[in-house]
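Worksheet: the structure to be examined is printed underneath.
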Amino acid sequence: MVDKPRVRFAPSPTGELHVGNARTALFNWMLARHHGGSFVLRIEDTDESRSALSYQINLLDDLKWLGLTWDEGPGKDGAYGPYKQSERLGIYADHLKKLIAADLVYPCYCTEEELEEERQALILSKRMPRYMGKCRNLNSQQREVHAAQGRKPSYRFKVPQVPIEFNDLIRGTIKFEGESIGDFIIVRSNGMPAYNFAVVIDDHLMAITHVVRGEDHLSNTALQMMLYRAFGFEPPAFAHHCLILGKDHAKLSKRHGSVSVGEFRKQGFLPEALINYLGLLGSSFTGGREVLSQMEMVEAFSLERASRSGAVFDEEKLRWLNAIYIRSLNANDLIMRLHPFLLESGYLPETLDSQWFKNVIETVQDELTTLADIGEHIDLFFDDRYEITSDAKQILDAENARKVIRSFGEYLEHASGSSQEIYAAAIEHAKEKSGGKGRNLFMPVRVALTGKVKGPELDKVFAILGKDSACKRLKRADQWIFKNMEG
Ligand code: GLU
């Protein structure tokens, strides 16, 4: 490994940041941090029809949220900028001139329709569809005729008919036969550089030492190697990692469910959990460790860990990790992170007594899997949201339930002392008076106090509700039983 590797993440802002791309960013970021190198962010926005500023803004925001901060890139100037391809068009134009002068490229006047026709003909004759070089040997007169017809040329690279070979740090030697590759476009007819052209120039000029990206780019790398040779540039080291797969082992895509960082964010996943999960996916750490902080992953990082076989995305595992990270937060931090989710569920934390609310959050913290779950866990603490669920009604319907909650309530009316003492004594009283035991004692009390059959430990709930609220709720449950008996 070179002394200070320079790696890059080069997303195209054509959609939400996919977790697969986030994982590529993570590998690059870890490589840079592990070796004390630089992590460069480059925005590949030359496809004007598909790129959007809003995607770019979200992309930067998601990367920051994940903690994948860049040393050079948008908003962080360095010696190799600009870092947006749309701001580098002059550089690409100069490089095109060099290849034209060396007679390594030629203008191609074929229209979309003509190219499609050629493709179909090749498919029909069971040959590999590729550009067959129709415009390669046009003479200057023929070119002028096309130009006079108003055809704008694209520029194609003259693919040498020799095999291409390169070393991949994860996969070893990779070979491609030159004959199967047609002359490819490096500059489009609208003057914009094609991906393979711009990426070679940028990786070279930005002094990138390692290109780490998904295996879906392997065939691009073959084309890029040709361009490195054509320019006389030293290529960087390449590593193509496996992709994230869905349960059916097809590349993870929307039809498998959530796939973007933004979606997981909205669903209340913590960045720590998502990063941990993406770092874990398809690899293993010593001692079978599964919960690792970003820094621990950086320390343990090696490229070989980005295994060769595809990694199946398991949302259940991510949920499991998320719950662990939620449990490990201190209450104030958790409340801060919960804020947007609380608002979304109709709670206004600022209007609540902060100590009381902190108690509420601490009481439910261990039960949360995602931050978005919060509403359904805390509603039972709010009198105006108290509601007896149908499961709970079944409990209240059982024999003796009324006796239990009445005797529990009876005790409360006149009780004094700490909430802990009151609760314990009221339970004792209800037990004696009703003869109820175990489940038959606790469940009626639980559903009367919370309206639900499940929830945090009852003594804790009781302490937060307080005596007055508890009494009101017991009465409402009692009224429901009464009405139900009448009905
Ligand atoms: N803009 C390309 C993409 O998003 C970058 C691929 C690469 O890393 O070279 O797929």
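In each ligand, atom 1 is the first atom listed, and ligand 1 is the first ligand listed.
A salt bridge links R42 with D202; the closest basic N to acidic carboxylate O contact falls under 4.0 Å.
Protein heavy atom closest to atom 5 (C) of ligand 1, with residue, atom name and distance, is A10 O, 3.1 Å. The protein non-hydrogen atom at the shortest distance from atom 10 (O) of ligand 1 is H217 NE2, 3.1 Å. At the shortest separation from atom 8 (O) of ligand 1 among protein heavy atoms lies R8 NH1, 2.7 Å.
Ligand-side atoms of ligand 1 in range of R213: 7 (C), 8 (O), 9 (O), range being under 4.0 angstrom from any heavy atom. Every atom of ligand 1 with a heavy atom of Y195 under 4.0 Å away is listed here by number and element: 2 (C), 5 (C), 6 (C), 7 (C), 9 (O). The atoms of ligand 1 that sit less than 4.0 Å from any heavy atom of E44 are 1 (N), 2 (C), 5 (C). Using a 4.0 Å cut-off to heavy atoms of S12, the atoms of ligand 1 that qualify are 1 (N), 2 (C), 3 (C), 4 (O). Distances below 4.0 Å separate heavy atoms of V199 from the following atoms of ligand 1: 9 (O).
Residue P11 has no nitrogen or oxygen atom sitting less than 3.5 Å from a nitrogen or oxygen atom of ligand 1, judged on distance alone.
Aromatic ring centres of F27 and H241: separated by under 6.0 Å. Side-chain rings of W356 and F382 approach one another, their centers coming within less than 6.0 Å. Taking the six-membered ring wherever Trp is involved, the centroid distance between the rings of Y277 and F313 falls below 6.0 Å.
F157 pairs with exactly one of F197, F184, F231 by the ring pair (Phe, Tyr, Trp, His ring centres under 6.0 Å) rule, that one being F184. Between Q120 and the options E116, E118, E117, a side chain to side chain donor-acceptor pair (under 3.5 Å) holds for only E116.
Checked by atom type, the side-chain pair Y325/N276 shows a donor-acceptor distance below 3.5 Å.
When non-hydrogen atoms are compared, ligand 1 lies under 4.0 Å from neither the backbone nor the side chain of F9.
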